[in-house]
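For reference, the structure is listed below as structure tokens.
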Amino acid sequence: MAAPLPSTALDGSAPHPDGALLWVDGHLRLQGALTGGWHTPASAAEPSSPAVHALVMGDVQVHCALLRQGQLHVQGNLSVHTLLWGDGAPGGLTVLGQCAAQVGLFTRGYALQWNQPPSFDFTLQAADPAGNSALGQPADHETLGLVVPPQYLDADNAGTGSLAEMLNAPALVEAARAQQPVTQPTAAVLALLPPVPSFFQDESISVANIRAAVQSPLIAPKQFTAEGWFGQTDFSLCRKHVDSDGDARQDSVFITVWKQWDFYLGVDSPEPAQGWLGGGWSRLQRLFKRHGGQHPVVPSARSTGSTPGLVVLYRPYAQGVPGAWAPLALGDEDGADPAAQRACQQAWRGVLDYVRKGTAQARAHHPLWAALHEEITPARLTTLTSTPLFTERYNDWWDSEKNGLWVGQFWMGARQPCLHQGEPWGRAFKLSWKNGEDGPGDAPDNAHSAYQIDIEEAREGPPLLRVAYSQRQSEPRTPIPPGAAAHLARLLRLYRQAQTHIERLSAAMAHDAQPPQHPAAQLLTVPPLAPNIPDTAVFGAEWMQRSARWQATGQSYSQQARAQLAAADAPPEQAMGPAAADASLSLFGAAADAMPALDDPRTADAEAVLQLAREVHSHADMALAARFRQRFAFAPDALAAHAYRAGQPAGPLLLLDDDRAVVRVTQGGPHGTHWWLLQGLQATVVKGLHGAGRSPNRQCFAKFDGRQVTTHAGWDGPVIARFHLPHHAEAARTGTTGCDEILPFNDGLRVLWRDATGVYLLTPDAEQQLYPRAESNEAANAPEHPDAQEPRAQPLLHMALSPDERFIAVGDQGSQHLLLNPCGEVLGQWAPLSACAHHATFTHDSTRLLAHSCHLYTGHTGVLHLPPEGTGGSLHAHPSFPGAAALQPFHRHSWRVDATTTLRGTVMEGDAAGYLHALSDDGQLLWHHHIGGALNALDTSPDGTTIVAASHSGYVVWLRQLGAGMDPCAISTSPYTETGRWIFWHDEAEPLHW
């Protein structure tokens, strides 16, 4: 044909179900691509395209040829400008003339036959299990990864399977048919993969080849050893030398096929040596130990087989245990081990390929190493790892569920700069893939290789990259050598594929993050509301639909969370000891038995419902507020992120007998702390109040106005007494004195004062420092003030007054739990059950001290039994006091308790995970109720029908016993229902009632 034709597809059709033959009586010239066998049926009902075979009686000239399964017979010459890809049996290619192409790629059993050796710039052929190859060259995944542009590679493929699986065949075929480039220019590829030098005589195991390997530039100047690995094979090169201990090291190569074979290939030396391996054995000791081996027992002979000076040893593994070392015959001698010979030769060929490519890299000044650092810079890596995928979703390097994700056949994860367990960690990006199978005795998933890129800050100048790798999870990562060509090429390829996935997933996250369209937060009818008006007439049909979904979803979510709480509450096995029980705790989160690991599905709608809550609150109408709360139960988990960002810590608090509450809210620094009076839908600042407390009998109140403390008969009652402040507080400037807690006695003539420096007993005429005590020998382990004029802050300082006013409990982060009498005398001291003493309370009848201690966000509660009032005699006469040398666990749970209150027969504990727990006086769990945010304060009505809780997230919550049973919309097993919640957030113009 005179003029070239466009691209041609050799795809059969239904009239030829057994295939068809295209016969070209002459030459075939195509401007574009010759493709065949790539038609994919549109549905399962459509039959597969039959194969089309082609017979060309002359020459063939095409831009590229992508042939699948069909037979192509060329009588003349075959010339392919770029890619010649033959894929799949029973397809095949026969060329009687000359065959030439830029890239010859033959996969999955595609048969080849020609009369003359072909001419390819790059030859890539899938490995033949039988070792037979028409081209005599093994598969090379990383060369293929550099030859084919990234967009035509399968982004999910790790490059451990067949060459064909690495390609995105549909995209490649489509591009070829559209006459788009499907290969990189030869010069560009050779710039990264220079031609491999032929300094090995052949591929045999010989003295000359061993010496050539150990003389290669893989061993750095002034060094004598080098290591590397590929697949599940690793090796060590050792150049002849005398080490610092005077031991002679011989030219040798040590190879391990993981838990299958060990091989030692060495060059014998006429110098005296210690056994077969000479003094060089000490160099290999670490490698043998690495693979679980011991010193081999070897004969005293030297060279083996028919080759003088060549030492070849091997040992097989059985169930992961190495056997005895023995000489390996390389020929057909009697006793030769064919399996060992094949394994050794295959591993040796891999070493030769590694050394050839490494030598080529060194002679060309390591172009792959330079390309890697040109493409992956600290700035680019920072940008890549700072996407929401790694800052919001997979953002916990030490949590196996959140440290990264699998994308197809490889895993990727990023570490953000952080401080973990007191140690600083820099930014890192890790790629991992499955590398073969675990060996016998390996830990699960050990057969995973990894690359990791760390950004290391330099003392001077810009940050640097540290590029490291590991062959197995059980091994430490070591720097990738600049000559490790296959590893550098694979890292580049996986990095690019990871970029593709990160861009795709980030786009999906951005799309999902688009705020949904919500109805306007406007009411159809505003107060006052008629008693019989339906909710639809108030909120509108669309909000009512959202309400139904909100309540149903909330009930389902709460039910799942309650199921998890029930599982956590199940008694442990009798055989479980304290150590086993502690194993379920998270050191840096709340106790595992307190926090359901669920995501509230209402989160997407939470901000819109919050806007409606603002609109409802603006009308200050109780009837409207009750309707709204009935339609939209508060969802603390759905708004947790907002609360974490904007919450203003609330607590302490006092519940007055008329259902009013007084609460302290920290609203930005010490000058922004206010005490609020909450009543119904009204929240007002109590001007001039800097501290408040209540006596055990609930009749006397103490108030601090910034200058003095006064006690009152009732919250609004007359003054009983006035008290001067502790000396250091008196000396402070008016209005700057901090009061953390004040507790008046029932008579109003004594007050316990706590600030950051200590606990003080105030009377109208005097003050007494109760803690820390100057008499350190009376209060061992309690910090002492050498200078009373400059008291120090005491972390986690706390105090408690027993209901019968006979006992005072004090302590801090560095002390034991101390028990005092009202005169300040130490009655006893006990070591905390966890790291730091941080809270204490007494049961309602003053017969038990509950001493709480913590370690980060977990803790333990200890109990000490006290003599009941009126029993007479001293404390020391009571059977359990102080005979109990240590606190006893009050319950088996590991909550960090920061707030408590007690009723007859009930102890309530508020923990750092936002849960309120009720227990009996003997520590038996009664119920849970989730509030949200770390609980800072609790109070109850005298009859226990009302509970008010204040949290670090800015919540003040009313719970009431309504007789309706468990609230279906709350993560709760309690008989209480939430009837109102005040929200103190810094992004709200005023406190918001829900």
Inset, instruction - Supply the atom-to-atom distance L124 CG to F106 CZ, rounded to the nearest 0.5 angstrom. - result: 9.5 Å

Inset, instruction - Please determine if R177 and E174 form a salt bridge, counting it only when a charged side-chain N lies under 4.0 Å from a carboxylate O. - result: no

Inset, instruction - Mind checking the CZ-CG spacing from R356 to L218? Nearest 0.5 Å is all I need. - result: 13.0 Å

Inset, instruction - Report yes if some heavy atom in the side chain of T160 is under 4.5 Å from a heavy atom in the side chain of K434; otherwise report no. - result: no

Legend entry - CG-CG distance between L93 and L78, expressed to the nearest 0.5 angstrom: 6.0 Å

Inset, instruction - Indicate yes or no: at least one non-hydrogen side-chain atom of L163 is less than 4.5 angstrom from one of H141. - result: yes

Inset, instruction - May I ask you to decide if the ring planes of W406 and H448 are parallel, tilted or perpendicular, using 30° and 60° as cut-offs? - result: perpendicular

Inset, instruction - Determine which pairs satisfy salt bridge (charged side-chain N to carboxylate O under 4.0 Å, His left out) with at least one residue from residues 357-375, sequence neighbours left out, and list them in order. - result: D140-K357, D353-K357, E375-R496

Legend entry - Heavy-atom closest pair, residues P479 and Y469: O-CE2, 3.7 Å

Inset, instruction - Give a yes or no on whether a salt bridge exists between D337 and R342, defined as a side-chain N under 4.0 angstrom from a carboxylate O. - result: no

Inset, instruction - Might you point out which heavy atoms bring A364 and P194 nearest each other, and give the distance in Å? - result: CB-CG, 3.5 Å

Inset, instruction - Please check if the side chain of Q473 supplies one atom and the backbone of D445 the other of a donor-acceptor pair under 3.5 Å. - result: yes

Inset, instruction - Please report the C-alpha distance between D234 and R472 in whole Å, then the side-chain angles of each, then the deciding distance to 0.1 Å, and finally whether the salt bridge (charged side-chain N to carboxylate O under 4.0 Å, His left out) criterion is met. - result: CA-CA 11 Å; D234 60 277; R472 275 170 287 277; 3.7 Å; yes

Inset, instruction - For atom CD of Q151, decide whether the heavy atoms of other residues, nucleotides or ligands shown that lie under 6.0 angstrom number more than 12. - result: yes

Legend entry - Heavy-atom donor-acceptor pair, Q416 side chain to T385 backbone, under 3.5 Å: yes

Legend entry - Steps toward side chain to side chain contact (heavy atoms under 4.5 Å, CB included) verdict (F235, Y354): CA-CA 10 Å; F235 66 92; Y354 190 105; 3.4 Å; yes

Inset, instruction - State which residues pass ring-ring contact (aromatic ring centres under 6.0 Å, His included) with F429; sequence neighbours excluded, sorted by chain then number. - result: none

Inset, instruction - Using a strict cut-off of less than 4.0 Å between a Lys/Arg side-chain nitrogen and an Asp/Glu carboxylate oxygen, indicate whether D442 and K259 qualify as a salt bridge. - result: yes

Inset, instruction - Could you go through the side chain to side chain contact (heavy atoms under 4.5 Å, CB included) check for L144 and L167 one step at a time? - result: CA-CA 9 Å; L144 179 60; L167 298 176; 4.2 Å; yes

Legend entry - Contacts of type ring-ring contact (aromatic ring centres under 6.0 Å, His included), residue W433, not counting sequence neighbours: Y451

Inset, instruction - May I ask you to test the Q260-P316 pair for a side-chain heavy-atom distance under 4.5 Å? - result: no

Inset, instruction - Calculate, to the nearest 0.5 Å, the distance between atoms SG and CD1 belonging to C238 and I219 respectively. - result: 7.0 Å

Legend entry - Ion pair check, D454 and R415, cut-off under 4.0 Å: yes

Legend entry - S474 backbone acceptor or donor facing N446 side chain under 3.5 Å: yes

Inset, instruction - With the side chain counted from C-beta on, respond yes when W348 and F263 share a heavy-atom pair under 4.5 Å apart, and no when they do not. - result: no

Legend entry - salt bridge (charged side-chain N to carboxylate O under 4.0 Å, His left out) contacts in which one or both residues fall within residues 382-404, not counting sequence neighbours: none

Legend entry - Nearest non-hydrogen partners of V148 and Q184, listed with the distance: C-CG, 4.4 Å

Inset, instruction - Before giving the answer on side chain to side chain contact (heavy atoms under 4.5 Å, CB included), spell out for N435 and Q232 the whole-Å C-alpha distance, their side-chain angles and the decisive distance to 0.1 Å. - result: CA-CA 7 Å; N435 180 11; Q232 289 218 351; 3.9 Å; yes

Legend entry - Reported SG-to-CZ distance for the pair C344 and R349, which is rounded to 0.5 angstrom: 10.5 Å

Legend entry - Atom pair OG/CZ of S236 and F254 - distance to nearest 0.5 Å: 8.0 Å

Legend entry - Qualifying side chain to side chain donor-acceptor pair (under 3.5 Å) pairs with a residue from residues 101-110, counting only residues at least two apart or across chains: W85-T107, D87-T107, D87-R108, Q102-T183, Q102-T186

Inset, instruction - Using atom types as modelled and distance alone, determine if a side-chain donor or acceptor of S432 lies under 3.5 Å from a backbone N or O of S449. - result: yes

Inset, instruction - List in chain and number order the residues that pass ring-ring contact (aromatic ring centres under 6.0 Å, His included) with Y495, two or more places apart in sequence or in another chain; answer none if no residue qualifies. - result: none

Inset, instruction - List the atom of Q341, the atom of A336, and the distance in Å for their closest heavy-atom pair. - result: NE2-CB, 3.5 Å

Legend entry - H366: partners by ring-ring contact (aromatic ring centres under 6.0 Å, His included), with sequence neighbours left out: none

Inset, instruction - Verify, without hydrogens or angle tests, whether H73 (side chain) and T94 (backbone) share a donor-acceptor contact under 3.5 angstrom. - result: no

Inset, instruction - Could you list the residues that satisfy side-chain hydrogen bond (donor to acceptor under 3.5 Å, both in side chains) with D202, not counting sequence neighbours? - result: S204, N209

Legend entry - Heavy-atom side-chain contact between S216 and L237 under 4.5 Å: yes

Legend entry - Donor-acceptor contact below 3.5 Å, side chain Q409 vs main chain N157: no

Inset, instruction - With the side chain counted from C-beta on, respond yes when L330 and V312 share a heavy-atom pair under 4.5 Å apart, and no when they do not. - result: yes

Inset, instruction - For S506 and E503, indicate whether the former's side chain and the latter's backbone hold a donor-acceptor pair under 3.5 Å. - result: no

Inset, instruction - Report yes if some heavy atom in the side chain of I376 is under 4.5 Å from a heavy atom in the side chain of R380; otherwise report no. - result: no

Legend entry - Residues forming a side chain to side chain contact (heavy atoms under 4.5 Å, CB included) with A508, sequence neighbours excluded: none

Inset, instruction - Compare every heavy atom of G145 with every heavy atom of L153, then report the nearest pair and how far apart it is. - result: CD1-O, 3.9 Å

Inset, instruction - Would you name the heavy atoms of L381 and R427 that are closest together and state the gap between them? - result: O-CD, 4.4 Å

Inset, instruction - Decide yes or no on side chain to side chain contact (heavy atoms under 4.5 Å, CB included) for V351 and V355, but give the supporting numbers first. - result: CA-CA 6 Å; V351 172; V355 173; 4.1 Å; yes

Inset, instruction - Scan residues 149-165 for pairs that pass salt bridge (charged side-chain N to carboxylate O under 4.0 Å, His left out), counting only residues two or more places apart or in two chains. - result: none

Legend entry - Contacts of type salt bridge (charged side-chain N to carboxylate O under 4.0 Å, His left out), residue R493, not counting sequence neighbours: E142

Legend entry - Backbone N/O of P90 and side chain of Q71: donor-acceptor pair under 3.5 Å: yes

Legend entry - Which residues share a side chain to side chain contact (heavy atoms under 4.5 Å, CB included) with A188, sequence neighbours left out: P185

Inset, instruction - Give a yes or no answer on whether the side chain of Q452 reaches the backbone of L431 with a donor-acceptor pair at less than 3.5 Å. - result: no

Legend entry - Test item: I255 and T233 side chains (from C-beta on) under 4.5 Å apart, heavy atoms: yes

Inset, instruction - Determine yes or no for a side-chain-to-main-chain donor-acceptor pair under 3.5 angstrom, with H487 supplying the side chain and I480 the backbone. - result: no

